[in-house]
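Report on one structure; see the data block that follows.
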Amino acid sequence: MRKLKVIGLHNRVIQMAYIEVKENSEIIVPDNPTIGYIEGDGIGPDISKATISVINSALEFSYEGSRSIVWEKVFAGEEAFEKTGKHLPQESLDQIRKCVVAIKGPLTTPIGQGFRSLNVALRQYFDLYANVRPVKYFPGVPSPVKAPEKMNMVVFRENTEDVYAGIEWKHDSLEAAEVRNFLSSKLGVKLTDDTGIGLKPISRFRSSRLVRKAIQYAIKNNRRSVTLVHKGNIMKYTEGAFKDWGYEVASSEFSEETVTEEDYMKDPELYSGKIIVKDRIADNMFQQILTRTDDYDIIATTNLNGDYLSDAMAAQVGGLGLAPGGNMGDTHAIFEAVHGTAPKYAGLDVANPTSLMLSGVMMLRHLGWSEAADVTESAIMEAYSDQKVTQDLARVLNIKALKCSEFAEEVIKRMKSPKQ
């Protein structure tokens with residue numbers, strides 16, 4: 001169904017269309033798709049406005065009017081609660097389902113009511129099982145490490161189970177007492193009465209589809225390796241099983257494109273050009289991203305491991321303010337800033353919008369619009385190279401800070417048509 005609608009933050013009126021999903025989960029993107037956007041709480045409105053202006057400009061530079069996005073606002077978080085009494089109303093979920101693809105600013109987690117986390121709720125509702133976090137260095141950004149340019153990794157973090165399953169009971173609850181009694185009487189596991197209990201589910205199905213998506217990404221983007229990160233030396237039937245199931249996916253579904261590290265080391269020339277699948281213990285991997293950064297490429301891992309690893313990687317290249325993220329399932333995808341709401345900076349136009357802008361770059365690539373993605377990423381990189389930065393980095397560099405909106409303007413100034 002098509003109708004007239006105002007595009008984004010501009011005053012142009014164009015024909016609106018929605019992304020279609022085929023039976024095999026492939027998406028068909030029209031030239032003017034309707035994309036949902038959640039402004040977010042705290043600094044969310046500032047960085048969302050800056051991001052949409054940059055994406056709109058990149059589309060104009062890249063396609064000269066032949067492609068554009070119709071931005072449809074979706075209410076969630078504090079703004080939604082004020083309007084509807086719910087932080088995540090069903091109408092908003094229905095909007096995202098219809099749009100298929102959305103982008104969002106940071107959301108405050110409601111305390112003592114509703115979902116434990118709105119972000120988790122969105123991921124679980126749409127089965128966005130892969131949290132994808134690319135981390136790379138932009139010249140000009142201050143870094144705590146000597147060679148930040150070696151960082152160019154993409155983390156695929158399982159998004160629906162492990163600690164995100166949220167299965168736990170307070171130490172003094174009836175449920176915890178029942179679980180402790182069951183463990184004691186049936187399995188011989190003795191726990192003290194002041195022990196809270198949480199379960200860590202990791203399944204073959206969810207592990208396999210996460211690794212599958214990581215390998216598919218590696219093939220599509222000509223990456224060198226996929227590393228399965230786990231704590232299988234201690235948790236053999238959850239973390240260790242994740243590793244085993246990952247290797248099974250590689251050997252049974254991608255035998256022509258992949259090779260295990262063990263086989264590769266026997267004859268590197270024979271397997272030249274294949275994607276190397278290897279595994280590392282989680283705590284060792286934390287060291288490896290610091291000491292042997294350029295040995296790693298794509299990381300596939302369980303939820304908690306992926307959480308702290310991706311944050312630590314971002315710290316090496318300037319922090320979470322520069323870290324994009326995408327939550328992807330078989331059909332739907334929501335791209336997001338990975339940092340928090342920073343409420344003390346709300347409405348002050350001082351926040352760094354780079355995380356959300358780069359998440360927009362991920363979104364453009366997901367839509368198949370690589371030209372606009374390249375234009376945006378190159379312009380952001382050039383802005384940083386010229387040390388045009390917001391207050392979070394300006395104070396480290398001891399230079400004048402740009403406002404959030406001014407940073408967006410500097411990025412737009414540096415955009416070049418793909419034809420140039």
Exercise for review: Check the pair Arg209 / Asp127 against salt bridge (charged side-chain N to carboxylate O under 4.0 Å, His left out), numbers first and verdict last.
Suggested key: CA-CA 12 Å; Arg209 66 179 181 175; Asp127 198 21; 2.8 Å; yes
Exercise for review: Name the orientation class of the two ring planes belonging to Phe407 and Tyr384 (parallel below 30°, tilted from 30 to 60°, perpendicular beyond 60°).
Suggested key: tilted
Practice item. Flag yes if more than 12 heavy atoms outside Glu248 fall under 6.0 Å of its CD atom; otherwise flag no. Key: yes
Review point. Is it true that Asp279 and Lys243 have a side-chain N and a carboxylate O under 4.0 angstrom from each other?
Key: no
Check your understanding: Does the pair Gln387 and Leu397 meet the rule for a side-chain contact (heavy atoms from CB on, under 4.5 Å), with working shown?
Key -> CA-CA 9 Å; Gln387 295 200 325; Leu397 295 168; 3.8 Å; yes
Check your understanding: Has the side chain of Thr227 got a donor or acceptor atom that lies under 3.5 Å from a matching backbone atom of Ile299?
Key -> no
Check your understanding: Does Asp244 pair with Lys236 as a salt bridge, N-O distance under 4.0 Å?
Key -> no
Practice item. Ignoring hydrogens and angles, tell me if any N or O in the side chain of Asp41 forms a donor-acceptor pair with the backbone of Gly77 under 3.5 Å. Key: no
Point to revise | Check ion pair Glu410-Arg414 (N to O, under 4.0 angstrom) | key: yes
Exercise for review: Could you tell me whether Glu377 and Lys136 have a side-chain N and a carboxylate O separated by less than 4.0 Å?
Suggested key: yes
Practice item. Output the distance between atom CG (Leu88) and atom NZ (Lys86), rounded to the nearest 0.5 Å. Key: 10.0 Å
**Study point:** From CD (Gln316) to OG (Ser143), nearest 0.5 Å
**Key:** 7.0 Å
Point to revise | Worked check of side-chain contact (heavy atoms from CB on, under 4.5 Å) between Ser57 and Ile412 | key: CA-CA 7 Å; Ser57 296; Ile412 293 170; 3.4 Å; yes
Review point. So which of Asp330, Asn159, Asn327 actually passes side chain to side chain donor-acceptor pair (under 3.5 Å) with Tyr129?
Key: Asp330
Check your understanding: If every non-hydrogen atom of Met363 is compared with every non-hydrogen atom of Ile69, which pair is closest and at what distance?
Key -> CE-CD1, 3.9 Å
Point to revise | Sidechain-backbone polar pair: Ser251 side chain, Tyr247 backbone, donor-acceptor under 3.5 Å | key: yes
**Study point:** Verdict with supporting geometry, Gln216 and Arg212, side chain to side chain donor-acceptor pair (under 3.5 Å)
**Key:** CA-CA 6 Å; Gln216 288 171 339; Arg212 181 180 301 114; over 6 Å; no
Check your understanding: Should the pair Lys388-Glu409 be classified as a salt bridge under the 4.0 Å nitrogen-to-oxygen rule?
Key -> no
Point to revise | Passing candidate, side chain to side chain donor-acceptor pair (under 3.5 Å) with Arg157, options Thr302, Thr301, Asn131 | key: Asn131
Exercise for review: Please test Glu161 against Asn303 for side chain to side chain donor-acceptor pair (under 3.5 Å), starting from the C-alpha separation and ending with a verdict.
Suggested key: CA-CA 7 Å; Glu161 54 183 359; Asn303 182 273; over 6 Å; no
Practice item. Please answer whether the main-chain N or O of Arg204 pairs with a side-chain N or O of Ser207 as donor and acceptor at a distance below 3.5 Å. Key: no
Review point. Just wondering, more than 12 heavy atoms not from Lys278 lying within 6.0 Å of its NZ?
Key: yes
Check your understanding: Is it true that Lys73 and Glu79 make a salt bridge, defined as a side-chain N closer than 4.0 Å to a carboxylate O?
Key -> yes
Practice item. Without swapping roles, check the side chain of Glu168 against the backbone of Gly198 for a donor-acceptor pair under 3.5 Å. Key: no
Check your understanding: Salt-bridged, Lys274 to Glu257, with N to O below 4.0 Å?
Key -> no
Review point. Is a side-chain donor or acceptor of Arg180 paired with a backbone partner of His171 at a separation under 3.5 angstrom?
Key: yes
Review point. Could you walk me through whether Glu39 and Lys104 pass the salt bridge (charged side-chain N to carboxylate O under 4.0 Å, His left out) check?
Key: CA-CA 6 Å; Glu39 284 190 344; Lys104 61 175 283 293; over 6 Å; no
Check your understanding: For atom CZ of Arg224, is the number of surrounding heavy atoms from other residues, nucleotides or ligands below 6.0 Å larger than 12?
Key -> yes
Point to revise | Backbone of Arg97 reached by a side-chain donor or acceptor of His332 within 3.5 Å | key: yes
Point to revise | Chi angles and distances behind the side chain to side chain donor-acceptor pair (under 3.5 Å) call for Thr51, Ser48 | key: CA-CA 5 Å; Thr51 296; Ser48 293; over 6 Å; no
Check your understanding: Where do Ser62 and Ala372 come nearest, in terms of heavy atoms and distance?
Key -> OG-CA, 3.2 Å
Revision key, fill the gap. Of Asp283, Thr238, Asn305, the one forming a side chain to side chain donor-acceptor pair (under 3.5 Å) with Lys231 is Asp283
Check your understanding: More than 12 non-hydrogen atoms from neighbouring residues, nucleotides or ligands closer than 6.0 Å to CG on Asn24, yes or no?
Key -> yes
Check your understanding: Step by step, would you call Thr160 with Glu158 a side chain to side chain donor-acceptor pair (under 3.5 Å)?
Key -> CA-CA 6 Å; Thr160 62; Glu158 208 290 320; 2.6 Å; yes
Study note, to complete from the structure: Distance col, row Thr354:OG1 vs Leu320:CG, nearest 0.5 angstrom, shows 12.5 Å
Check your understanding: Do His87 and Phe81 have ring centres separated by under 6.0 Å?
Key -> yes
Practice item. Check whether more than 12 heavy atoms from other residues, nucleotides or ligands sit under 6.0 Å from atom CD of Glu175, and answer yes or no. Key: yes
Point to revise | salt bridge (charged side-chain N to carboxylate O under 4.0 Å, His left out) between Lys83 and Glu91, worked out | key: CA-CA 12 Å; Lys83 291 180 177 294; Glu91 181 183 354; over 6 Å; no
Exercise for review: Please determine, by modelled atom types, if Asn56 and Glu60 share a side-chain donor-acceptor pair under 3.5 angstrom.
Suggested key: no
Point to revise | Salt-bridge present (Lys403, Asp349; N to O < 4.0 Å) | key: no
Check your understanding: Using a distance-only test with no angle check, is there a side-chain donor-acceptor pair under 3.5 angstrom linking Tyr296 and Gln288?
Key -> yes
Review point. Which heavy-atom pair separates Ser359 from Ala337 by the least distance, and what is that distance?
Key: OG-N, 4.0 Å
